[in-house]
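In this text, all values refer to a predicted model and were calculated from it rather than measured experimentally. Positions are given from 1, in the same order as the sequence printed here.
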Amino acid sequence: MPRMLWAVHAPEPAVASGEGDDRQNRRGPGPQRPASRRTEDPASRRADDSASRRAEDTENETPAERTTQLRLPPRAEETTQLRLPPGAERPAEKTTQLRVPTPAEIEAHSGAEDPSQRADRGTTSGHRGTRRKPAKPSAFAGRWARVARRLKPAYPRPGRTGWRRWMPSWRQWLGGWGLAIGLSGTFLVIAYAATDIPQNLNTYATQQDNVYFWSDGTPMARTGWVRRQAMPLKDIPQDVRWAVLAAENQSFYSDPGISFKGISRALVRTIGEGNTEGGSTITQQYVKNVYLNQNRSVSRKFTEAMISLKLDQKMSKDKILEGYLNTSWFGRGTYGIQRAAQAYYGKDVGELNASEAAMLASLLKGAGLYDPTLSQANHKRAVERWSWILDRMVKIGKLSPAERAKYTKFPEPTTQSQTFDTGKQSDYLVELATQYAKKAGHISDQQFDLGGYQIYTTFDRKRETALADAVTKARNKALKDDPKTAKAAHYGASSVAADGKILAVYGGPDHRTQGFNESNATTVPAGSSFLPFVYAAGLEHGVHKTRDSTATPVTPETLYNGDDNIPVTTPEGPYWDRANKKVAAHNDGNKSWGQISLRKALAESVNVPFMQLGMDTGLDKVRQTAEAAGLLSSTMGPQVPALSLGNSTPSAIRMANAYATFAAGGSHTEPYSVRRITRNGSQVALDTPRPKRAVSAEVAREVTEGLTDAFGTAHPTAALSAPETAGKAGTTADDTAAWYVGTNRSVSTAVVLYRIDLTKSLEPLPLKGLAGTSADDVPYGIWAGAMSPLG
């Protein structure tokens, strides 16, 4: 575009030459213009002539209003006005030069204009006035424009090949990070401003009892630590406070309420592996305990952080620590350091020393993993963390090395926690129902300990009373007749319905003095009470007399050799044990029976036929049948010929449940003790067991008939009044256990009696006549007393 060039040499406004001459003629002589100034370019002369003509037209006007207008062709909208003051005469040497573009330049400029510019010029060509030229950008704006152009992403990057085209430059990386940080900061500021500290406390503050009900709906027991004691911080020793701080958050008094490092680690772990990671400060943990829930999610973690920041600004550190110590879960049903001190050491928190405080502080990492009384693995973890906490207290200056040197022995807590305080037998029922409720209802220990659950059990009050009374009567008689022998006696018993409901159990003399449940103990072998499972396996699967032959069916009338000391055979010949001796079976009293049917062998409890039947059927099939009926695989004995004679160690509950499978027509249902759970009126979903086919209905009927014959043979008088009763006694070769398992009206009861001196070892001891005689069988007497409510 042609430039407009003007040079002004006169300090005063200049006038056109024609006008100057005219004025000179009228007003007199004036200074003469030098000749050299008159030789101007044509454009200048044309401009002067134009100005002279206009001056003549306006000579009658006031001199101050006389102007000279020059139109510059390059831009239609721009004009230049020169205004001459009145009476001003231009000196000859002072002129104004204006450069007007040549026609060629004008034509070139017009050709470069776009149509819109030409149209705009056409509409304004009649306008005579001045237009200000656009201002040039400042140097500062120019510099920023260059920086902006350099930061503008060029992606894919030009001038590069291969993978380098797709690799952002350092400027692009820097810009991206800056944008991300800026947006994140803005979001956090908005989130912080929008987050309020909740006014309502969490459910821990309204912790309730768990209520257990009998099968008829009447209350059975109540449990829970509803007498939670909140302790003011001043009553909690400094060693206890700093043991917790050393373990959980040593920078508690200086941090802003959250741990940025911990939160980042938790987010990375959550996004990368689908679960959340720890790293919370004590303030965050307190917020989670009091205001939020235990859900492990990113949203809960974010809300927790926002509330923690605000709470740290509004509440003192001591108040937060006090609240945390009074609301944290320490296991054994306890919330708060005071109840934990009582549950683990039987003392108030003010009486704890640094060593005991360190042990309790280790539980905050997870009581289920660090309660040393639960398992050896827990004990090892607890000792390691206890020692680490004490060392850390020394490191942060809260425990002197001399004091630390005093604590070299781990402070063992009490082994029993009085979680239940309901009664001698109902404690066992509560324990059994609690274990099942947590598993079937998918309820964590922490959730369950908060309370509020209504647990409707399957326990029958009348049956439970009858069973407990029968065992207590037998126990008291034994203690009276032979106190030395009876002192080590243990009685386990259970009644289970054909549909799997546990109706009654006898767990021991008193849960407060004997914590383990004898009805659920897997301690002694089943002995000859295991024979019905061998019988069922043979009837279900048949036998193989030769290797790889087709199975030959057997019936209750199939004959087997019942003589004593008959070697056990396989299709290849006699069975040899590891001592290179032939394995032979023996009957009770070494009595020989000759050829005997399987049904009669079951009724008379003849061992030899069933030991051989197990080999012919296949020990794997025997094991499979027993497990399908209800015995646990973990209690099954070694897969050797003795398996058929009961080397397995089932519990009384499982034996009763397995016999109930035969009473249910061969359909097995896993035993269960809870039929319904509600929490504050809302139903809790339960995984209710469903029946599964164990053996055919025909096999179940034949086994039941064999057991009915066994009951009638051993107890003919009772069989007359209870013709539908089926049952069998069980003894072991070494006389370490005595059983009786039987069924009446679709309810099976198992009773086991054994001796173990727990102060010496876990090895079973001989009964030494404690089980009575065949005419006065103690396990049968308990069984009969327990079944008496059936009529």
Side-chain angles (χ1 to χ4, degrees), residues 373 376 414-416 420 423-429 431-432 464 467-495 504-530 588 634-635 637 642 645-656 729-741 749-786:
T373 64
Q376 286 296 326
T414 58
T415 56
Q416 293 297 324
F420 310 130
K424 292 184 177 181
Q425 278 305 307
S426 56
D427 284 355
Y428 295 108
L429 303 180
E431 181 183 49
L432 201 63
E464 178 63 31
L467 181 59
D469 289 346
V471 176
T472 302
K473 180 180 178 181
R475 182 189 292 275
N476 291 339
K477 184 177 184 300
L479 288 171
K480 180 180 179 181
D481 295 343
D482 189 353
K484 184 177 180 181
T485 302
K487 185 178 180 181
H490 297 273
Y491 301 77
S494 177
S495 295
V505 299
Y506 181 86
D510 190 341
H511 188 278
R512 289 165 289 192
T513 58
Q514 178 182 291
F516 71 92
N517 189 337
E518 289 175 344
S519 70
N520 208 23
T522 56
T523 308
V524 293
S528 55
S529 64
F530 188 84
D588 286 345
S634 60
T635 65
L645 298 186
N647 63 2
S648 301
T649 58
S651 67
I653 292 176
R654 284 290 172 170
M655 279 296 282
T731 57
T732 59
D734 53 5
D735 190 37
T736 56
W739 290 79
Y740 196 89
V741 189
T749 298
V751 179
V752 61
L753 170 60
Y754 60 96
R755 288 180 67 239
I756 291 180
D757 188 349
L758 296 175
T759 62
K760 295 180 179 179
S761 72
L762 296 178
E763 288 297 321
L765 302 173
L767 290 173
K768 295 182 179 181
L770 193 65
T773 63
S774 57
D776 184 20
D777 187 352
V778 173
Y780 170 76
I782 296 173
W783 180 89

* Looking only at atom types and distance, does a side-chain atom of Thr773 sit under 3.5 Å from a main-chain N or O of Asp776, one as donor and one as acceptor? -> yes
* Asked: Between OG1 of Thr649 and CZ of Arg654, what distance do you get to the nearest 0.5 Å?
  -> 13.0 Å
* Below 4.5 Å, heavy atoms only, C-beta onward: do Ile653 and Leu432 meet side chain to side chain? -> yes
* **Expected output: side-chain Trp739 to main-chain Ala750 donor-acceptor under 3.5 Å** => no
* Structure fact -> d(Asp481 CG, Leu479 CG) to nearest 0.5 Å is 9.5 Å
* **CD on Glu518 to OG1 on Thr523, rounded to 0.5 Å** => 8.5 Å
* To do: Please confirm whether the backbone N or O of Thr472 pairs with a side-chain atom of Asn476, one donor and one acceptor, at under 3.5 Å?
  => yes
* To do: Anything under 30° is parallel, anything over 60° is perpendicular, the rest tilted; go ahead and classify His490 against Tyr754.
  => parallel
* Asked: What are the two closest non-hydrogen atoms of Ala771 and Pro779, and how far apart are they?
  -> O-CD, 3.8 Å
* Taking all non-hydrogen atoms of both residues, which atom of Ser494 and which atom of Ala656 are closest, and how far apart? -> O-CB, 3.7 Å
* Could you state the interatomic distance from CD1 (Ile782) to OH (Tyr491), rounded to the nearest 0.5 Å? -> 6.0 Å
* To do: For residues Ala737 and Thr732, report the shortest heavy-atom separation together with the two atoms involved.
  => N-OG1, 3.4 Å
* Asked: Tell me, do Leu753 and Val778 make a side-chain contact under 4.5 Å, heavy atoms counted?
  -> yes
* To do: Inspect the surroundings of CG in Leu762 and state if more than 12 heavy atoms from other residues, nucleotides or ligands are less than 6.0 Å away.
  => no
* Check whether any side-chain heavy atom of Glu431 sits under 4.5 Å from a side-chain heavy atom of Asn517, and report yes or no. => yes
* Any sub-3.5 Å donor-acceptor pair from Ser528's side-chain atoms to Thr731's backbone N or O? -> yes
* Asked: For Tyr506, does its backbone N or O pair with a side-chain atom of Tyr428 as donor and acceptor, under 3.5 Å?
  -> no
* Determine, step by step, whether Leu770 and Asp482 satisfy the side chain to side chain contact (heavy atoms under 4.5 Å, CB included) criterion, reporting the C-alpha distance in whole Å, the side-chain angles of both residues, the deciding distance to 0.1 Å, and the verdict. => CA-CA 8 Å; Leu770 193 65; Asp482 189 353; 5.6 Å; no
* For Ser519 and Val505, work out which heavy atoms get closest and say how close. => OG-CB, 3.6 Å
* Give a yes or no on whether the backbone of Ile756 and the side-chain of Glu763 come within a donor-acceptor separation of less than 3.5 Å. => no
* Determine yes or no for a side-chain-to-main-chain donor-acceptor pair under 3.5 angstrom, with Ser648 supplying the side chain and Gly637 the backbone. => yes
* Structure fact -> Here the pair of heavy atoms bringing Thr749 nearest to Ser495 is OG1-OG, 2.7 Å
* Asked: Does Arg755 reach the main-chain N or O of Leu767 with its side chain, forming a donor-acceptor pair under 3.5 Å?
  -> no
* Just by distance, do the side chain of Gln425 and the backbone of Gly508 share a donor-acceptor pair under 3.5 Å? -> yes
* **Which atom of Val741 lies closest to which atom of Trp783, heavy atoms considered** => C-NE1, 4.3 Å
